[in-house]
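Remember, predicted model here, so these are calculated numbers, not experimental data. Letters A, B, ... are given to chains in the order of the sequence lines, protein chains preceding strands, and every chain is numbered from 1.
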Amino acid sequence: MRVRFAPSPTGQLHVGNARTALFNALLARGQGGTFILRIEDTDRERSTRDSERAIIEDLRWLGLDWNEGVEAGGEHGPYRQTERLHIYRAHAVELLAKGSAYHCFCSEEQLEADRQGALKEGRPPMYPGRCRVVSQDEARHRMESGEKAVIRFRVPADREVVFNDVVRGEVRFSTDVIGDPVLVRSDGVPAYNYAVVIDDALMEVTHVIRGEDHISNTPRQILLYEAFGWESPIFAHVSLVMGPDHSPLSKRHGATSVKEFRDRGYLPEALTNYLALIGWSPGEGEELLPLEELAKRFRLEDVGRSAGVFDVEKLAWVNRHYLKLAAPDRLATESVPHFQRAGWIATPTPAELAFLAEVVPLAAASVDRLEQVPARLRFLFDYSASRALGDSAIRAEAEAARAVVAALVEELATSQPLRDRDMFRAMAARVRERTGQKGKALFHPMRLVLTGEAEGLELDLAVPAIERGAAIVSRIPDARERATLFLHELDSAPNQDKLLS
RNA sequence: GUCCCCAUCGUCCAGAGGCCCAGGACGCGGCCCUUUCAAGGCUGAAACCCGGGUUCGAAUCCCGGUGGGGACGCCA
């Protein structure tokens with residue numbers, strides 16, 4: 001079995017295309033087949049090498065490695081269409097000689113007028129075949145005298161093209177609604193419908209798995225296989241991914257490219273796992289499975305026919321699952337860009353990285369994506385008593401619990417750093433004895449003082465993290481400093497910020 | 001406009017004539033856990049697009065309608 005993913009390098013990898021790539025990869029892996037990556041860069045206007053690099057990077061990040069193709073090599077290369085021009089040219093000559101293709105001299109204006117006219121009269125806007133009657137001799141003369149021509153395929157009249165789509169079953173088209181497609185453009189570069197057929201055939205692709213938007217191209221392509229006397233591959237057209245309003249997933253729905261999801265801190269195994277769940281089910285009520293297990297269970301026949309809505313909430317759920325499974329070191333490394341964006345870390349030192357590895361997993365356990373981690377750890381890197389007390393609710397609570405605050409300051413003045421949960425609890429017990437406060441009345445004011453926030457991580461975890469952080473990162477004040485700052489701020493009048501606001 | 005594809009809870013998926021007064025998951029509501037917010041555990045509400053057939057019996061098969069999507073390019 002040989003399958004391929006053949007993106008056109010005109011932008012970022014879209015999650016819908018990533019899902020198509022995933023299905024190809026799953027099938028190849030599960031069946032021990034070959035997964036080929038081919039670059040369809042025949043649209044010279046829009047194709048860029050940067051896009052190609054970006055797509056390749058995303059594919060690798062997702063873990064969808066290919067064993068043949070661009071950057072992997074193989075027997076059937078080259079794997080970039082613009083490097084295969086000589087191959088397409090040779091086959092076009094063959095088609096021309098057989099009479100299966102012909103030169104067309106119609107101008108773009110002429111064709112556009114044809115389309116408008118057809119639409120107006122309620123006919124399918126297809127090429128009317130005007131140049132079918134131009135003889136090869138005449139064509140040669142016209143080209144020699146400088147006229148530009150494209151090569152079109154001669155679609156046989158009045159035929160049914162039937163194929164058995166693995167996901168859709170039998171699909172049939174009448175050739176009456178298929179206009180003669182352009183095979184080679186006037187600049188000699190092949191068009192999509194032609195290049196895919198040549199490439200899939202020569203690369204010995206056995207299963208063409210692609211988006212449903214290509215289903216109506218399939219009959220043209222089958223006709224081409226026939227013209228060459230080649231056997232068609234097996235086709236499978238998977239449905240498209242939609243936005244919440246059932247229109248094609250696009251920018252206005254939020255993130256659409258793999259890159260954006262990566263930048264927001266989704267884990268690759270979460271994205272692939274989620275994508276596999278649109279239009280397919282691993283069975284047995286199980287949904288959260290590693291790629292290898294998905295590959296083992298994947299069957300093309302089981303892929304659903306209807307379009308699926310991309311559900312960010314469910315993706316978030318999948319991501320939370322993998323966030324909890326991820327190794328601390330990885331979470332730390334992956335979070336660095338997000339801390340940098342917040343301005344709290346530059347290039348991390350090994351000690352800082354080690355600190356992040358301690359502290360990021362704490363936050364990652366209660367967050368949808370890594371992007372949200374810094375906010376959850378703001379109490380560490382961006383403590384501010386004055387900002388906290390600028391909040392009237394916090395100030396009111398702190399004033400009411402002044403005894404707790406004062407006791408906390410005194411206890412901290414003489415205590416060791418609260419390096420672990422037990423030390424923190426012991427200290428809290430002493431404050432409780434001094435003040436007679438307990439439960440929420442005891443702990444919440446302490447939270448305000450030590451984190452500067454009304455909500456957040458369990459203090460058991462947060463306080464030791466503060467003390468560890470203070471020892472490693474210079475910008476992080478320890479518990480003692482925080483308490484002192486807080487009390488000082490509480491004693492002074494409501495600050496400037498508050499007066500201004 | 002023409003052709004093609006699709007149609008089960010808000011969303012994703014299971015269901016391939018009786019096992020279904022339809023099952024799982026996300027989300028949502030409630031409860032629990034708890035020194036806060038989350039996270040986590042438990043629990044509840046929630047669907048077979050409509051109309052005709054076929055059949056003893058249809059979510060499942062057939063036809064029509066409606067709705068959604070795709071294609072009709074010297075874009076892929």
Side-chain angles (χ1 to χ4, degrees), chain A residues 6-8 10 40-43 45-47 104 106-108 111-112 115 118-127 148-152 165 167-169 171-174 176-179 181-193 195-196 210-219 237 239-240 242 244 246-248 274 277-288 302 304-318 320 323-324 363-368 372 376 428 437-448 451 453-460:
Chain A
S8 131
T10 55
E40 308 215 326
D41 55 351
T42 55
D43 183 348
E45 300 277 288
R46 297 191 297 152
S47 298
C104 169
C106 296
S107 69
E108 302 204 33
L111 294 171
E112 186 51 33
R115 265 190 290 275
L119 239 23
K120 202 166 294 173
E121 291 168 39
R123 289 181 287 111
M126 51 186 245
Y127 178 65
K148 285 286 190 186
V150 301
I151 299 174
R152 281 184 191 273
D165 191 290
V167 344
R168 265 147 233 289
V171 180
R172 44 181 63 218
F173 284 88
S174 162
D176 295 345
V177 296
I178 303 174
V182 170
L183 264 25
V184 181
R185 299 184 257 238
S186 53
D187 62 0
V189 177
Y192 166 75
N193 275 302
V196 244
R210 62 194 356 172
E212 194 191 359
D213 49 339
H214 282 112
I215 202 163
S216 57
N217 284 320
T218 308
H237 290 93
S239 56
L240 271 17
M242 309 302 236
H246 286 91
S247 70
Y274 172 66
L277 262 21
I278 305 178
W280 179 68
S281 161
E284 299 179 27
E286 293 174 293
E287 299 192 301
L288 301 172
D302 296 336
R305 289 165 296 280
S306 52
V309 171
F310 192 91
D311 183 357
V312 197
E313 295 295 341
K314 186 146 185 176
L315 202 217
W317 171 72
V318 177
R320 285 199 295 271
L323 244 16
K324 285 175 185 114
S366 58
V367 111
D368 288 344
Q372 297 164 328
R376 195 100 178 126
Q437 299 292 342
K438 58 178 179 164
K440 189 170 177 174
L442 172 68
F443 285 98
H444 206 256
M446 295 199 344
R447 168 180 299 283
L448 263 23
T451 70
E453 291 171 350
E455 57 190 47
L457 293 190
E458 293 166 52
L459 286 176
D460 280 0

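With a 3.5 Å ceiling on both atom-pair distances, B/A38 lacks any Watson-Crick or G-U wobble partner. The nucleotide B/A47 finds no pairing partner, because no Watson-Crick or G-U wobble arrangement with both distances shorter than 3.5 Å includes it. Under the Watson-Crick and G-U wobble criteria, each requiring two contacts below 3.5 Å, nucleotide B/G1 is paired to B/C72. Under the Watson-Crick or G-U wobble criterion, with both distances below 3.5 Å, B/U55 has no partner in any strand shown. With a 3.5 Å ceiling on both atom-pair distances, the Watson-Crick or G-U wobble partner of B/A25 is B/U11. Judged by Watson-Crick or G-U wobble contacts below 3.5 Å, the nucleotide B/C19 has no partner. Using the Watson-Crick or G-U wobble rule with both distances under 3.5 Å, B/G67 pairs with B/C6. Pair assignment for B/U60: none, as no Watson-Crick or G-U wobble contacts are both less than 3.5 Å.
Residue contacts for A/E313: at a heavy-atom cut-off of 4.0 Å it reaches the sugar-phosphate backbone alone, with no base atom in range. Looking at heavy-atom distances under 4.0 Å, A/L457 makes contact with a base. Across all strands shown, A/V150 has heavy atoms under 4.0 Å from base atoms, whether or not it also approaches the sugar-phosphate. Nucleic acid contact class of A/G439 (heavy atoms, under 4.0 Å, all strands): sugar-phosphate only. Residue contacts for A/D460: at a heavy-atom cut-off of 4.0 Å it reaches a base atom on one of the strands shown. At a threshold of 4.0 angstrom between heavy atoms, the contacts of A/N217 include nucleobase atoms, whether or not backbone atoms are also involved. Within 4.0 Å (heavy atoms only), A/H214 reaches at least one base atom of the nucleic acid. Note on A/L277: only backbone sugar-phosphate atoms sit closer than 4.0 angstrom, heavy atoms only; bases stay farther off. Using a 4.0 Å heavy-atom criterion, one finds that A/P248 contacts the sugar-phosphate atoms exclusively. When heavy atoms are screened at a 4.0 angstrom cut-off, A/R447 is found touching base atoms of the nucleic acid. Note on A/M446: nothing from the nucleic acid sits closer than 4.0 angstrom, heavy atoms only. Within 4.0 Å of A/G211, counting heavy atoms only, lies no atom of the nucleic acid at all. Here A/S281 lies in heavy-atom contact (under 4.0 Å) with sugar-phosphate atoms only. Within 4.0 Å (heavy atoms only), A/S306 reaches sugar-phosphate atoms of the nucleic acid but no base atom.
Contact check, A/S216 against B/C5: no side-chain N or O comes under 4.0 Å of OP1 or OP2. Note on A/K324: a side-chain N or O is less than 4.0 Å away from OP1 or OP2 of B/G40. Between A/R46 and B/G73 there is no side-chain N or O to OP1 or OP2 distance below 4.0 Å. Checking the phosphate oxygens (OP1, OP2) of B/C74, a side-chain nitrogen or oxygen of A/R152 falls inside 4.0 Å.
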- Tell me, with the steps shown, if A/T218 and A/R210 meet side chain to side chain contact (heavy atoms under 4.5 Å, CB included). CA-CA 11 Å; A/T218 308; A/R210 62 194 356 172; 3.2 Å; yes

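Taking atom P in both B/G41 and B/G67, the straight-line distance is 43 Å, to the nearest Å. Across the P atoms, B/C21 and B/G65 are found 32 Å apart, a figure rounded to whole Å. The P atoms of B/C32 and B/C37 are separated by 13 Å, rounded to the nearest whole Å. Nucleotides B/A7 and B/A39 have their P atoms positioned 35 Å apart, rounded to a whole Å. As rounded to the nearest Å, B/C33 and B/G40 have C1' atoms that lie 8 Å from one another. Across the C1' atoms, B/G15 and B/C56 are found 23 Å apart, a figure rounded to whole Å. With C1' as the reference atom, B/U54 and B/C72 are 37 Å apart, rounded to whole Å. Using C1' as the reference atom, B/U66 and B/G51 are 10 Å apart when rounded to the nearest Å.
With centroids closer than 5.5 Å and planes inclined by less than 30 degrees as the test, A/F443 and the base of B/U35 pass as a stacked pair.
Within the 4.5 Å cutoff, side-chain heavy atoms of A/P282 are placed close to those of A/L277. Using a 4.5 Å heavy-atom cutoff, the side chains of A/Y274 and A/W317 are not in contact. A heavy-atom distance below 4.5 Å is found between the side chains of A/S239 and A/R168. Counting heavy atoms from C-beta outward, A/T451 and A/L459 have side chains that approach closer than 4.5 Å.
Residue order along RNA chain B, read from the 5' end via each residue's closest nucleotide, puts A/V309 first among A/D43 and A/V309. Between A/L119 and A/R376, the residue anchored closer to the 5' end of RNA chain B is A/L119, taking for each the nucleotide with the nearest heavy atom.
Atom pair A/I215:CD1 and B/G70:C1' shows a separation of 9 Å (rounding to whole Å applied). The distance between atom CD of A/E108 and atom P of B/G73, rounded to the nearest whole Å, is 12 Å. Separating the CE atom of A/M126 from the P atom of B/G1 is a distance of 19 Å, rounded to the nearest angstrom. Distance A/L315 CG to B/G27 P: 12 Å, rounded to the nearest Å.
No N or O donor and acceptor, one from the side chain of A/R123 and one from the base of B/U2, sit under 3.5 Å apart. The base of B/C4 is not paired with the side chain of A/R172 by any donor and acceptor separated by under 3.5 Å.
Distances were taken from every side-chain heavy atom of A/K314 (C-beta onward) to each of B/U36, B/C74, B/G24; the shortest belongs to B/G24. Of the candidates B/C3, B/G69, B/U2, B/C3 carries the atom nearest the A/F173 side chain, counting heavy atoms from C-beta on. Side chain of A/P125, nearest nucleotide from B/G40, B/G69, B/G1: B/G1. Closest to the side chain of A/E458, from the set B/C26, B/U36, B/G69, is B/U36. Closest to the side chain of A/D311, out of B/G27, B/U11, B/G24, is B/U11. Listed nucleotides: B/C6, B/A76, B/U36. Nearest to the side chain of A/T42: B/A76. For A/P124, the listed nucleotide lying nearest its side chain is B/U2; candidates were B/C74, B/U2, B/G27. For A/R320, the listed nucleotide lying nearest its side chain is B/G27; candidates were B/G27, B/U35, B/A71. Set against B/A38, B/C4, B/C6, the side chain of A/S366 has B/A38 as its closest nucleotide. Of the candidate nucleotides B/C26, B/C5, B/C3, B/C5 has the atom lying nearest to any side-chain atom of A/V171.
Nearest heavy atoms, A/K314 versus A/E287: NZ-OE2, 3.1 Å. Listed here is the closest heavy atom pair of A/V182 and A/A191: O-CB, 3.4 Å.
Crowding of A/K324 atom NZ: a count of heavy atoms from other residues, nucleotides or ligands under 6.0 Å exceeding 12.
Atom CZ of A/R320 is separated from atom CG of A/L288 by 11.0 Å, given to the nearest 0.5 angstrom. Rounding to the nearest 0.5 Å gives a distance of 11.0 Å between CG of A/L240 and CD1 of A/I278.
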